Amino acid sequence: MIEYIQPEYEAVRNKDLCIKCKACVRQCANEVHIYDKERDMLYADNSKCVNCHRCVTFCPTRALKIVKTDHCFKPSANYTKEVIYDIYRQAETGGVLLSSMGTPKDYPVYWDKILINASQVTNPSIDPLREPMEIKTFLGRKPEKIEYNPDGSLKVEKFPNLELKTPVMFSAMSYGSISENAHICLARAAEELGTFYNTGEGGLHEDLYKYGANTIVQVASGRFGVHAEYLEAGRAIEIKIGQGAKPGIGGHLPGSKIGPEVSRTRMIPMGTDAISPAPHHDIYSIEDLRQLVFGLKEATDYRKPVIVKIAAVHNIAAIASGIARSGADIIAIDGMRGGTGAAPSRIRDNVGIPVELALAAVDSRLREEGIRNNVGIVAGGSVRSSADVVKAIALGADAVYIATPALLALGCHLCRSCHSGKCNWGIATQRPELVKRLDPDVGYKRLVNLVNAWSHEIMEMMGGMGINSVEALRGNRLMLRGIGLSQKELDILGIRHAGE
C-alpha cells in the first residue's frame with residue numbers, strides 16, 4: 001500500500017551518547033522505539049511518534065530528542081501540509097477526524113491583548129504580604145440589597161452557594177477520558193485548596209465519594225453514571241449543555257477506554273463507545289431547562305446550587321439571560337480554545353468563540369437587565385495563568401475553571417493523542433500499566449503548588465491595582481486596557497484602549 005502520510009516527528013538518537021539501556025523501549029506506549037537483538041541496535045518507527053517526550057525525559061544520557069520533520073510539500077498558503085494530510089487521512093479511512101486538547105489554530109488570544117492597570121500615587125497600591133487581601137469568593141445567587149429586620153439585625157436570605165478559598169476550580173474531566181489516579185489528584189488537591197473539582201460526564205468512582213464536599217457532579221445528555229446517590233455525593237450539580245471544544249455536539253469516549261471500572265461507574269457495557277447525544281432530549285427551551293434545574297433541586301432538597309455549563313457561541317448573552325431566569329444558580333461559560341479528550345477536528349477548530357468575548361458579553365447583558373446577582377459566572381476554556389484569572393474576573397467572572405493547566409501540572413505534554421488511550425504519562429488512559437505511572441501522592445501536590453502560586457500572584461496583581469478583594473475586582477473593567485484591538489473588540493470587551 002502507498003504511504004501518502006509521512007511521519008510528523010522524528011526521534012533523533014545520538015549514537016555516541018546512547019548506552020542501549022532500552023529505557024525508551026520500556027517507556028513508550030506507542031511502540032516507537034524498537035531494539036533489534038540480533039544486530040544489537042536501537043531504531044525508531046517515527047510514524048508512531050506523537051511527541052509526548054516520555055522517552056526524552058527518561059533517557060539517562062540525554063541521547064534522544066524529538067524534532068519536527070523537515071519533509072515538506074511544495075509551499076502553498078492555501079493547501080498547507082496539515083490540510084493535505086487531513087484529506088489523505090479521510091480518503092484512507094472514510095471517517096471523521098478526531099482530535100484532542102485545544103485547537104492549534106492561530107486565533108487571537110484576547111488575554112494577551114488585555115493589560116492590567118496599576119495604582120500609583122493618588123490611589124496607592126496594597127502590599128499583600130502586610131495588609132489584608134481577600135481572594136475568597138462565593139458562587140451562586142447573591143442578595144440584591146442590604147435589608148434589616150425590625151430589631152435592627154441584618155436580614156440574611158441564604159441561597160445555596162459554593163465557598164471558594166481561591167477563585168480557581170478544576171474543570172470537568174470525566175472518569176474514562178482521564179484515569180482514576182488523575183481524578184484522585186484533582187479531588188485531593190481541591191480538598192486541600194478549599195476549592196472544587198468537576199467529575200465531568202462520566203459519573204463518580206465510589207472511591208472518590210469521600211471528597212464530596214469539594215466535588216461538582218455533572219449531568220450531561222447521556223446521563224452516564226447519574227443516580228440519586230451520585231447527585232447526593234457532590235456539593236453542587238452541573239448540567240452540561242455544551243463544551244467549548246465542541247459546541248452543538250455531544251460527548252464521545254472511545255470504547256477502548258471503557259474497561260470494567262469505567263463500565264460500572266458509567267453504567268454502560270464494556271468496550272462500547274460512550275456517545276452523548278448532541279441535545280438533552282428533554283430540553284428544547286428555557287422552560288424545559290427550568291424543569292431540569294428544579295428537578296435536580298427537588299431531588300436534593302434545595303441544598304445544592306445548580307450550574308448550567310454552556311459553550312461560548314455568538315448568541316451567548318441571550319442564552320445566559322434565559323439561564324439566569326431559569327432558576328440556575330451559576331452559569332459556566334466554556335470558550336472555543338478549551339481542551340477536550342476527543343472531538344471532531346472540524347468542530348474543535350471552527351466552531352464557537354473565545355471565552356473573553358463571551359464572558360464580557362454575558363456580564364454586560366445580565367447587568368443591563370438587572371439580573372447579574374441572580375447567578376454566579378465561571379469562565380473556562382484557555383485560562384492559562386494567574387494573569388488570565390485576574391483579567392477574567394475583571395471582565396465579570398466570579399471564578400474560573402482550569403483543566404489543561406492542571407493536566408500540565410500532572411505531567412501532560414500536550415501531544416494531543418488523548419483519544420488513543422495511550423497516554424504515556426498515565427493521565428488520559430485506562431491501561432493499568434500506564435495509569436500507575438501517575439502517582440497521586442506526587443500529582444496532587446503539584447496541583448496544590450500550582451494553584452497556591454497562582455493565588456499568590458493574584459494577590460500581588462490585585463495589590464498593584466489597589467484592590468483588596470475579589471469582590472471589588474469582579475466586573476471592574478476600568479482596571480483593564482486593550483492593546484492592538486479594533487474598536488468593535490474593545491466595545492464588546494467593555495474596555496478602553498491603552499493610553500486612554
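Keep in mind that this is a model prediction, so the values were computed, not measured.
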| Geometric cation-pi criterion, R437 with W425: 6.0 Å, 45° | no
Distance only, no hydrogens: is a donor on one side chain within 3.5 Å (strictly under) of an acceptor on the other, for [X] and [Y]?
{"X": "D349", "Y": "T103", "answer": "yes"}
{"X": "Q430", "Y": "S179", "answer": "no"}
{"X": "E232", "Y": "T300", "answer": "no"}
{"X": "R266", "Y": "S174", "answer": "yes"}
{"X": "E134", "Y": "S469", "answer": "no"}
{"X": "Y209", "Y": "E229", "answer": "no"}
{"X": "H413", "Y": "R54", "answer": "no"}

Salt bridge [X]-[Y], side-chain N to carboxylate O under 4.0 Å:
{"X": "K136", "Y": "E471", "value": "no"}
{"X": "R477", "Y": "D363", "value": "yes"}
{"X": "D491", "Y": "K488", "value": "no"}
{"X": "E206", "Y": "R264", "value": "yes"}
{"X": "D112", "Y": "R384", "value": "yes"}
{"X": "R188", "Y": "E191", "value": "no"}
{"X": "R325", "Y": "E369", "value": "yes"}
{"X": "D439", "Y": "R446", "value": "no"}

With a 3.5 Å distance limit and no angle check, can you tell me whether [X] reaches the backbone of [Y] through a side-chain donor-acceptor pair?
{"X": "N181", "Y": "V435", "value": "yes"}
{"X": "N476", "Y": "A394", "value": "no"}
{"X": "Y9", "Y": "S47", "value": "no"}
{"X": "R372", "Y": "G396", "value": "yes"}
{"X": "N30", "Y": "V32", "value": "no"}
{"X": "T429", "Y": "G426", "value": "no"}
{"X": "D273", "Y": "G255", "value": "yes"}
{"X": "H53", "Y": "C415", "value": "no"}
{"X": "T265", "Y": "L204", "value": "no"}
{"X": "K246", "Y": "P344", "value": "no"}

With a 4.5 Å limit on heavy-atom distance, are the side chains of [X] and [Y] in contact?
{"X": "N373", "Y": "R141", "result": "no"}
{"X": "L231", "Y": "V219", "result": "yes"}
{"X": "V308", "Y": "E238", "result": "no"}
{"X": "C418", "Y": "M101", "result": "yes"}
{"X": "I323", "Y": "L289", "result": "yes"}
{"X": "L292", "Y": "I283", "result": "yes"}
{"X": "V355", "Y": "Y401", "result": "no"}
{"X": "S171", "Y": "N198", "result": "no"}

Nearest 0.5 angstrom please: [X] [atom1] to [Y] [atom2], how far?
{"X": "L450", "Y": "S386", "atom1": "CG", "atom2": "OG", "result": "9.5 Å"}
{"X": "R474", "Y": "I393", "atom1": "CZ", "atom2": "CD1", "result": "10.0 Å"}
{"X": "I492", "Y": "L395", "atom1": "CD1", "atom2": "CG", "result": "12.0 Å"}
{"X": "L296", "Y": "I307", "atom1": "CG", "atom2": "CD1", "result": "11.5 Å"}
{"X": "S326", "Y": "D288", "atom1": "OG", "atom2": "CG", "result": "11.5 Å"}
{"X": "I347", "Y": "S99", "atom1": "CD1", "atom2": "OG", "result": "11.0 Å"}

How close do [X] and [Y] get, heavy atom to heavy atom, and via which atoms?
{"X": "T166", "Y": "S455", "answer": "OG1-OG, 2.7 Å"}
{"X": "R337", "Y": "P354", "answer": "NH1-CB, 3.4 Å"}
{"X": "T272", "Y": "I258", "answer": "O-CD1, 2.7 Å"}

| query | Can K445 and E192 be said to form a salt bridge (Lys or Arg N to Asp or Glu O under 4.0 Å), step by step? | reply | CA-CA 9 Å; K445 195 62 183 175; E192 183 162 325; 3.4 Å; yes
Evaluate whether atom [atom1] of [X] has more than 12 neighbouring non-hydrogen atoms of other residues, nucleotides or ligands under 6.0 angstrom away.
{"X": "L154", "atom1": "CG", "result": "yes"}
{"X": "H227", "atom1": "NE2", "result": "yes"}
{"X": "E31", "atom1": "CD", "result": "no"}

| request: Under the side-chain contact (heavy atoms from CB on, under 4.5 Å) rule, what do R235 and F196 come out as? Steps first, then yes or no, please. | output: CA-CA 9 Å; R235 179 66 184 81; F196 296 85; 3.5 Å; yes
| remark: Given the options S276, S177, S221, E201 meets side-chain hydrogen bond (donor to acceptor under 3.5 Å, both in side chains) only with S276
| query | Parallel, tilted or perpendicular: which describes the rings of H205 and Y175, with under 30° parallel and over 60° perpendicular? | reply | perpendicular
| task | Assess the pair Y4 and Y88: is the distance between their ring centroids shorter than 6.0 Å? | result | yes
| task | List the steps, then state whether side-chain contact (heavy atoms from CB on, under 4.5 Å) holds for V470 with M462. | result | CA-CA 8 Å; V470 166; M462 285 171 51; 4.2 Å; yes
| field | side-chain contact (heavy atoms from CB on, under 4.5 Å) between E457 and W454, worked out | value | CA-CA 5 Å; E457 291 174 338; W454 284 22; 4.2 Å; yes
| message | Before you tell me yes or no, could you show the steps for M169 and V378 under side-chain contact (heavy atoms from CB on, under 4.5 Å), namely the whole-Å CA-CA distance, both residues' side-chain angles and the distance that decides it to 0.1 Å? | response | CA-CA 9 Å; M169 301 189 294; V378 180; 3.9 Å; yes
| request: Check step by step if salt bridge (Lys or Arg N to Asp or Glu O under 4.0 Å) holds for K142 and D329. | output: CA-CA 9 Å; K142 298 176 175 65; D329 302 286; over 6 Å; no
| request: Show your working on salt bridge (Lys or Arg N to Asp or Glu O under 4.0 Å) between R223 and D282 and close with a plain yes or no. | output: CA-CA 12 Å; R223 303 293 199 267; D282 52 356; 2.8 Å; yes
